[in-house]
Amino acid sequence: MENQRSNFSSKIGFILAAAGSAVGLGNIWRFPYLAAKYGGGIFLLVYLILAVTFGFSLMIAEIAIGRKTGVSGIEAFGVLSKKWKFAGLFAAIVPIIILPYYSVIGGWVTKYAVTFITGGMAQTADDAFFGGFISGTSEPIFWFALFLLLTAAVVFFGVEKGIEKASKILMPILIILSVTIAVYSLFMDGAAEGAKYYLIPDFSKFSSGTVLAAMGQLFYSMSLAMGIMITYGSYMPKDTSIEKSVRQIEIFDTGIAFIAGLMIIPPIFAVGTPDMLEKAGPGLMFVSLPKLFSHMAGGQIVGAVFFLMVFFAALTSSISLMETVVSVFMDKFGWKRKTTCLTVAVGSLLVGLPSSLGFGLWKGIKILGMDFLDFFDFSANSVLMPIGAFITCIFVGYVIKPASIIDEVKSYGNSFKAEKLFSVVIKFIAPVCIVLIFLTGMGIIKL
Ligand code: TRP
């Protein structure tokens, strides 16, 4: 009995830890604006198809590599094959790019949480509020620095237990709250149009850009192609089923993204303006939701609780992003945790400044037609992550071979139902599709 209990709790512990990393701003902030921008239902459909094929296979591969080698993402490739050591380094670059701008958005969320808590909902519903806020200089930087500081403080002192406990309580509340808000949002006058846009695919809106965006989002949301799931896999108990765990993490992660879309997209049709769809970008959540809350009985309180939850979801993710970056520098240069943590925090503050200023003071500066934040987001998710995922597929498919992953998944008598799907996706479908999608998305080839 005793034995079974501890066994059970460690399985749950693993799933919650992985889900805690996966569920963050990607689900609540990023997914809805991409869905709004890339045609609603068609984006959702493409995303779901990719999730159960690509996402599933890649996550299986990463977790199995981690459990097999028992080392973190940056070293695992080298342990399995000396020549492939570079793949670990490559994966390590992605969180270094993501952490700074993730914290900029985290700062916006913190500002909204504080504004709602202090009774300022009415101002946030104003059309000019969000634009006015992010185009400022010192204010957004202040919230960005505060968010980064909070993240660094946790990584610095390593109070993982507190955060883990908190997220175990807060994540279920986040789910309940999101479902409630989504239901409310669906019952607003005029919301039905929005629900249709989000749920019914319009195939005329399909393009390679949709697939590239959906693929980038998938990697981002599931924390793939940057070694994080390899690291988590290395902590995974040997007798736990990898396949079942991956399914559960996926359902959790995709479920929350789906609900977030239901919360945020229908209000655009009910109380927003039609051009919000085309213009959908990083600001969508901050514009659409306050409008919804201001139409809702008790919106002030619901909004306050909601942004507080998003704040925690973002914080748990940024903590694991920073932890990844810190551990890379510690391993590579042999620095001490505290020095590394300070260096990474200051470095991220500097690297994040353009992302924060890109909507105000540095508005005029565009890279490839994008403002800084979009540019960093695009480079990490649409360029580096597909390359990282491609390297992983080739490595698993042709260097260590799918059989070695399948053995790991099947160890301790566990089954692997989607074994065939996994081999075919990893060896053929994923690498070919990634290259095609990547090249068309970049405009290098036309299909
Ligand atoms: N998946 C996280 C989210 O949806 C973001 C993220 C990407 C992340 N890679 C990560 C978080 C690595 C922690 C570690 O918000």
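First listed ligand is number 1; within each ligand, the first listed atom is number 1.
The two residues Ser318 and Leu99 make their nearest non-hydrogen contact at O-CD1, 3.9 Å.
Atoms of ligand 1 lying under 4.0 Å from any heavy atom of Asn27, numbered from 1 in the order shown and given with element: 4 (O). Applying the 4.0 Å criterion to heavy atoms of Ser221 picks out, from ligand 1, the atoms 1 (N), 4 (O). Within ligand 1, counting atoms from 1 as listed, the ones closer than 4.0 Å to a heavy atom of Ser21 are 1 (N), 2 (C), 11 (C), 13 (C), 14 (C). Listed by number with element, the atoms of ligand 1 under 4.0 Å from a non-hydrogen atom of Met226 are 7 (C), 9 (N), 10 (C), 12 (C). Short contacts between ligand 1 and Ser317, defined as distances under 4.0 Å to a heavy atom of the residue, involve ligand atoms 11 (C), 13 (C). Short contacts between ligand 1 and Ser320, defined as distances under 4.0 Å to a heavy atom of the residue, involve ligand atoms 13 (C), 14 (C). Near Leu25, meaning under 4.0 Å from any of its heavy atoms, are these atoms of ligand 1: 15 (O).
Considering backbone and side-chain atoms alike, Thr324 places every N or O at 3.5 Å or more from each N or O of ligand 1. Residue contacts with ligand 1: Tyr220 is placed with a nitrogen or oxygen under 3.5 Å of a nitrogen or oxygen of the ligand (distance criterion only). At least one N/O-N/O distance between Gly26 and ligand 1 falls below 3.5 Å. The N/O atoms of Val23, backbone and side chain alike, include none that comes under 3.5 Å of an N/O atom in ligand 1. An N or O contact shorter than 3.5 Å is missing between Ile228 and ligand 1 by distance.
The 12-atom threshold is exceeded at CD1 of Ile367, counting heavy atoms of other residues, nucleotides or ligands nearer than 6.0 Å.
Counting only non-hydrogen atoms, the option in Tyr102, Trp29, Phe31 that gets closest to atom 15 (O) of ligand 1 is Tyr102.
For atom 8 (C) of ligand 1, the nearest protein heavy atom (residue, atom name, distance) is Ser223 OG, 3.5 Å. When hydrogens are left out, the protein atom nearest atom 3 (C) of ligand 1 is Ala22 O, 3.3 Å; that is the closest non-hydrogen contact.
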The test is salt bridge (Lys or Arg N to Asp or Glu O under 4.0 Å); show your working for Arg67 and Glu408 and say whether it passes.
CA-CA 8 Å; Arg67 197 171 72 177; Glu408 184 61 37; 2.9 Å; yes
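Rounded to the nearest 0.5 Å, atoms CD1 (Ile74) and CE (Met330) are 12.5 Å apart.
With ring centers used as reference points, Phe116 lies under 6.0 Å from Phe307. Between Phe31 and Tyr47, the ring center distance clears the sub-6.0 Å criterion. Aromatic rings from Trp143 and Tyr112 are positioned such that their centres are separated by 6.0 Å or more. Taking the six-membered ring for Trp, Tyr38 and Phe206 have ring centres at least 6.0 Å apart. For Phe286 and Trp29, the gap between ring centers reaches or exceeds 6.0 Å.
Of the candidates Phe258, Phe269, Phe43, Phe258 is the only one forming a ring pair (Phe, Tyr, Trp, His ring centres under 6.0 Å) with Tyr198.
By the 4.0 Å heavy-atom criterion, Pro95 is excluded from the residues contacting ligand 1.
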